[in-house]
There are 2 protein chains.
Amino acid sequence: MTTYDVYAKNCPTRLVLDRLADKWALLVLNRLREEPVRFNQLRRDIEGVSQKVLTQTLRNLERDGLIRRQIFPTVPVTVEYSLTPLGQTLTRTVAALAHWAEENIDAVLTAQQTFDASRASHAHLR
Amino acid sequence: MTTYDVYAKNCPTRLVLDRLADKWALLVLNRLREEPVRFNQLRRDIEGVSQKVLTQTLRNLERDGLIRRQIFPTVPVTVEYSLTPLGQTLTRTVAALAHWAEENIDAVLTAQQTFDASRASHAHLR
DNA sequence: CAGGATCCCGAATGATACTG
DNA sequence: CAGTATCATTCGGGATCCTG
């Protein structure tokens, strides 16, 4: 049994990778890692996400079996999102990504400035 | 020193996370993990990426200091991309993501089928 | 070989209004 | 509260042609 060719179009692993390569999905997973959260709470916590896009993101994650959608018949209705066991195994890796980002943000910002500066120096047009 | 609020718009960590939340970037980083690769080789290895998008992806990664672009004055010119030390620290995490995807692809596909089936059952319109 | 420059279309997103 | 539905809009990405 050989390992998948991750770079091939038809590779199922790329389906998963494509889904994870979504900034909102990563942020949602990271947020749910702490605790179950309700829809509007998520909407408020994750700045900049629209209601429509948040809904789509949640549906996709639910479809992938990563999060669970639980409805409580209160008035008005309450909907709570939480990680499934499968989702929990994933968030360990997602958390590592977030952790890397926090630790290396300075190095990245510095690199960006250096890059931009060198481009500006030999910008001729305009 | 408190930790960043990862969910706030202005959080620099989200800049990094947004950049990483790119399927082509993840695939490129994962590919460069093995060895330095030339432009057209990358284009061939990563199925489905257009020349334009690959160029953009590489520029962004270079700007972030994650990969290095090396030009060899051959005829015609040769351009080789490789990971920087910073990029190498990141690819360990990226590899973990890819690894998770490979290990859990079956669970995800099964979840998708279950989800789709339950939706189809109570689809009334059309 | 490794891109830059253009044209262009469809998918993704935002805004708005409505509902169980 | 937690969405769905619709419309208007943009803009990322593909296709194509060109160049150092």
Side-chain angles (χ1 to χ4, degrees), chain A residues 9 14-15 17-28 31-32 35-63 67-82 115 118-120 122-126, chain B residues 9 14 18-28 31-32 35-63 67-82 115 118-120 122-126:
Chain A
K9 266 187 187 172
R14 255 184 56 173
L15 291 178
L17 232 41
D18 289 358
R19 173 64 40 85
L20 297 182
D22 180 307
K23 62 175 184 174
W24 300 124
L26 288 181
L27 290 171
V28 166
R31 178 66 183 83
L32 291 186
E35 55 182 348
V37 188
R38 295 168 58 179
F39 185 85
N40 278 334
Q41 187 62 46
L42 268 177
R43 185 153 153 54
R44 261 173 277 125
D45 287 348
I46 302 181
E47 270 185 56
V49 69
S50 71
Q51 160 260 29
K52 180 176 170 182
V53 172
L54 179 57
T55 298
Q56 289 174 353
T57 302
L58 290 170
R59 286 297 163 280
N60 285 334
L61 290 174
E62 186 192 0
R63 189 174 106 97
I67 67 174
R68 178 178 176 213
R69 181 173 181 268
Q70 214 169 352
I71 307 177
F72 299 95
T74 54
V75 177
V77 67
T78 297
V79 178
E80 195 176 85
Y81 292 93
S82 56
F115 185 87
S118 81
R119 300 218 95 194
H122 52 69
H124 24 57
L125 296 181
R126 162 55 358 123
Chain B
K9 264 186 186 171
R14 253 183 58 172
D18 288 358
R19 172 63 39 84
L20 297 181
D22 180 308
K23 63 175 185 174
W24 300 124
L26 288 180
L27 289 171
V28 166
R31 177 66 183 83
L32 290 187
E35 55 183 345
V37 188
R38 295 168 58 180
F39 184 85
N40 278 334
Q41 187 62 44
L42 269 177
R43 185 154 154 54
R44 261 173 276 123
D45 288 347
I46 302 181
E47 270 184 57
V49 69
S50 71
Q51 164 263 2
K52 179 178 170 181
V53 173
L54 179 56
T55 299
Q56 289 173 351
T57 303
L58 290 169
R59 285 298 163 281
N60 285 334
L61 290 174
E62 187 193 0
R63 189 174 106 98
I67 66 174
R68 180 179 175 211
R69 181 171 180 269
Q70 214 168 352
I71 307 178
F72 299 95
T74 54
V75 178
V77 67
T78 296
V79 178
E80 196 176 85
Y81 293 92
S82 55
F115 184 88
S118 81
R119 299 219 95 195
H122 51 73
H124 26 57
L125 298 180
R126 158 50 23 91

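In what follows, chains are A, B, ... by sequence order, proteins preceding strands, each numbered from 1.
No donor-acceptor distance shorter than 3.5 angstrom exists from the side chain of B:Asn40 to the backbone of B:Arg43, with no hydrogens or angles considered.
Minimum atom distance to the side chain of B:Pro76 is reached by C:dC1, of the listed D:dC1, D:dA2, C:dC1. Nearest nucleotide to the A:Ser50 side chain, out of C:dA2, D:dG3, C:dG14: C:dG14. Nearest nucleotide to the side chain of B:Arg69, out of C:dA2, D:dA2, C:dG3: C:dG3. Closest to the side chain of B:Val77, from the set D:dA2, C:dA2, C:dG3, is C:dA2. With D:dT4, D:dC1, C:dG3 as the candidates, the nucleotide lying closest to the side chain of B:Arg59 is C:dG3. Of the candidates D:dG14, C:dC1, C:dG3, D:dG14 carries the atom nearest the B:Val53 side chain, counting heavy atoms from C-beta on.
A donor atom on one side chain and an acceptor atom on the other are not found under 3.5 Å apart for B:Gln56 and B:Asn60. Using modelled atom types, one finds a donor on one side chain and an acceptor on the other under 3.5 Å when comparing B:Gln41 with B:Arg44.
Within 4.0 Å (heavy atoms only), B:Arg43 reaches no atom of the nucleic acid at all. Within 4.0 Å (heavy atoms only), B:Tyr81 reaches sugar-phosphate atoms of the nucleic acid but no base atom.
Taking 3.5 Å as the limit, the base of C:dT13 and the side chain of A:Gln56 contain no donor-acceptor pair of atoms between them.
One atom, CG of A:Leu54, and another, P of D:dG3, lie 8 Å apart when rounded to the nearest Å.
Of the two residues contacting DNA chain D, namely A:Val79 and A:Lys52, the nearest-nucleotide position lying further toward the 5' end is that of A:Val79.
Looking at every heavy atom in both residues, B:Val53 comes nearest to B:Trp24 through CG1-CD1, 3.5 Å.
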